[in-house]
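One structure is given here, and the rest of the page talks about it.
Lettering follows sequence order; numbering is per chain, from 1. Because only heavy atoms are used, hydrogens play no part in the values below, and waters and symmetry mates are left out as well, while side chains stay in.
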There are 2 protein chains.
Amino acid sequence: MLDDAARREIESATGLHDFYLEQLFTFGDPSRDPRSHVVSVAYMALVPHAYEPAPHPDFPRGHWFEFTSLPPLAYDHGEMAAYALRRLKAKLEYTNIAYAMLPREFTFAELEELYALILDRPIDRRNFRRRIMSMGILQELARKRGGPHRPAALYSFVHQSLHSIEML
Amino acid sequence: MLDDAARREIESATGLHDFYLEQLFTFGDPSRDPRSHVVSVAYMALVPHAYEPAPHPDFPRGHWFEFTSLPPLAYDHGEMAAYALRRLKAKLEYTNIAYAMLPREFTFAELEELYALILDRPIDRRNFRRRIMSMGILQELARKRGGPHRPAALYSFVHQSLHSIEML
DNA sequence: CCAAAAGTGTTTTAAATACACCCATGC
DNA sequence: GCATGGGTGTATTTAAAACACTTTTGG
């Protein structure tokens, strides 16, 4: 129900459907006014990294920012964004959550770049590949992506919904 | 503000002050009635394991259960309780959260029993001691606890508030 | 001296890290 | 044949797990 409201909001702002949505935290009084009694339930939505917003009639003055270059936000919204990023970083390590930000088919390099971008640190290609493969969240496809250089193997996620890796 | 409300509720039900409190999750419609539009913000409170409720005039028909033997709960309350336990288990591994359930001074055996109870699995005494010690969350006290057997060293937590262990 | 709980090390196994070269393609 | 990005293996370090005996006290 709360989820539905959040989902509708993102849908109307982006035109996207079927994006990943996760509740983060509920803030008791995010407003500057101590008497307002506003309760804000914060959500994080994940959209394909390639997404670019089209100018939208309902939000002519809206803005879209890369999470890496967020401007200062009003109220406690900066706190919310920081919290979202923290959660996302954590889930990259033990879930397949990256599926929500990549196209159905992608190369290992693209996956690696996404991880490096979000985790904000360099990643060793060989160790990364070994670690991800041992999670068993990817399947290699028969097709390869052509281009000016050596063709890259294409992968897709086994599941297109959130799955945690059990740690024994 | 939400925290305050939860805190007051637990205080009046238990008579305790200064207990650990943490917001868990916000449920959009926990009621059976789909039109009720109730929003429930679930919290987890931790009290000393030794706590026993005194019969309280304001809650003459209230009940107190060990988390290990909760009865079936109405609505989605069972879901909430399960979620709380999951979070608590996770935090035992990388925080000093046990401070909230132990007296100021305790023996290593008591700490170990608490972990075994919550994690619901046997714990190897030697590995456990080494792991906890390497976290640096405990300080050994000079005094020892007497008794019919070999005296046990007493420990206390360095911090009496939540601290996470940074993993390098 | 016996019962009961406290305390202590070493070996094995698995996971994380560090690190550099060859491969396949288009031009 | 060369520029470009794709792909691979090993050695080292660190952490987790398995495992049993000795110590101290009170009675």
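Screening residues 107-119 of chain B for salt bridge (Lys or Arg N to Asp or Glu O under 4.0 Å), with sequence neighbours left out, gives B:Glu110-B:Arg145. Counting only residues at least two apart or in different chains, salt bridge (Lys or Arg N to Asp or Glu O under 4.0 Å) contacts with residues 97-107 of chain A comprise A:Glu105-A:Arg143. Judged as a side-chain hydrogen bond (donor to acceptor under 3.5 Å, both in side chains), the pairs with a partner in residues 152-164 of chain A (not counting sequence neighbours) are, in order, A:Arg129-A:Tyr155, A:Gln139-A:Ser156, A:His159-A:His163.
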Between the protein and nucleotides 24-27 of chain C, are there any N/O to N/O pairs under 3.5 Å, and if so, what are the atom names and distances?
unit_1, atom_1, unit_2, atom_2, d
C:dG26, O4', A:Pro148, O, 2.7

Polar atom pairs between nucleotides 8-11 of chain C and protein, under 3.5 Å, N or O only, would you list them?
unit_1, atom_1, unit_2, atom_2, d
C:dT10, O4, B:Arg130, NH2, 3.4

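In the hydrophobic clustering (ILVMFWY side chains linked at under 4.5 Å, chained through shared members), A:Leu141 is joined by A:Leu154.
Here the closest heavy-atom approach between residue B:Ala81 and residue B:Leu70 is recorded as CB-CD1, 3.7 Å.
In this structure, CZ of B:Arg131 is placed 15 Å from C1' of D:dT14, rounded to the nearest angstrom. Atom CZ of B:Phe128 is separated from atom C1' of D:dA15 by 17 Å (rounded to the nearest Å). Atom CZ in B:Arg121 sits roughly 8 Å away from atom P in D:dA17 (whole-Å rounding).
Looking at residues two or more places apart in sequence or on another chain, you find a side chain to side chain contact (heavy atoms under 4.5 Å, CB included) between B:Phe67 and B:Leu85, B:Leu117, B:Ile118. Not a single salt bridge (charged side-chain N to carboxylate O under 4.0 Å, His left out) links B:Arg126 to another residue, sequence neighbours left out. Qualifying salt bridge (charged side-chain N to carboxylate O under 4.0 Å, His left out) partners for A:Arg130, counting only residues two or more places apart in sequence or in other chains: none. Taking B:Arg8 as the reference, nothing meets the salt bridge (charged side-chain N to carboxylate O under 4.0 Å, His left out) condition, with sequence neighbours excluded. Taking the salt bridge (charged side-chain N to carboxylate O under 4.0 Å, His left out) definition, one finds that B:Arg131 meets it with B:Glu93, sequence neighbours left out.
Residues from residues 136-146 of chain A with heavy atoms under 4.0 angstrom of DNA chain C: there are none.
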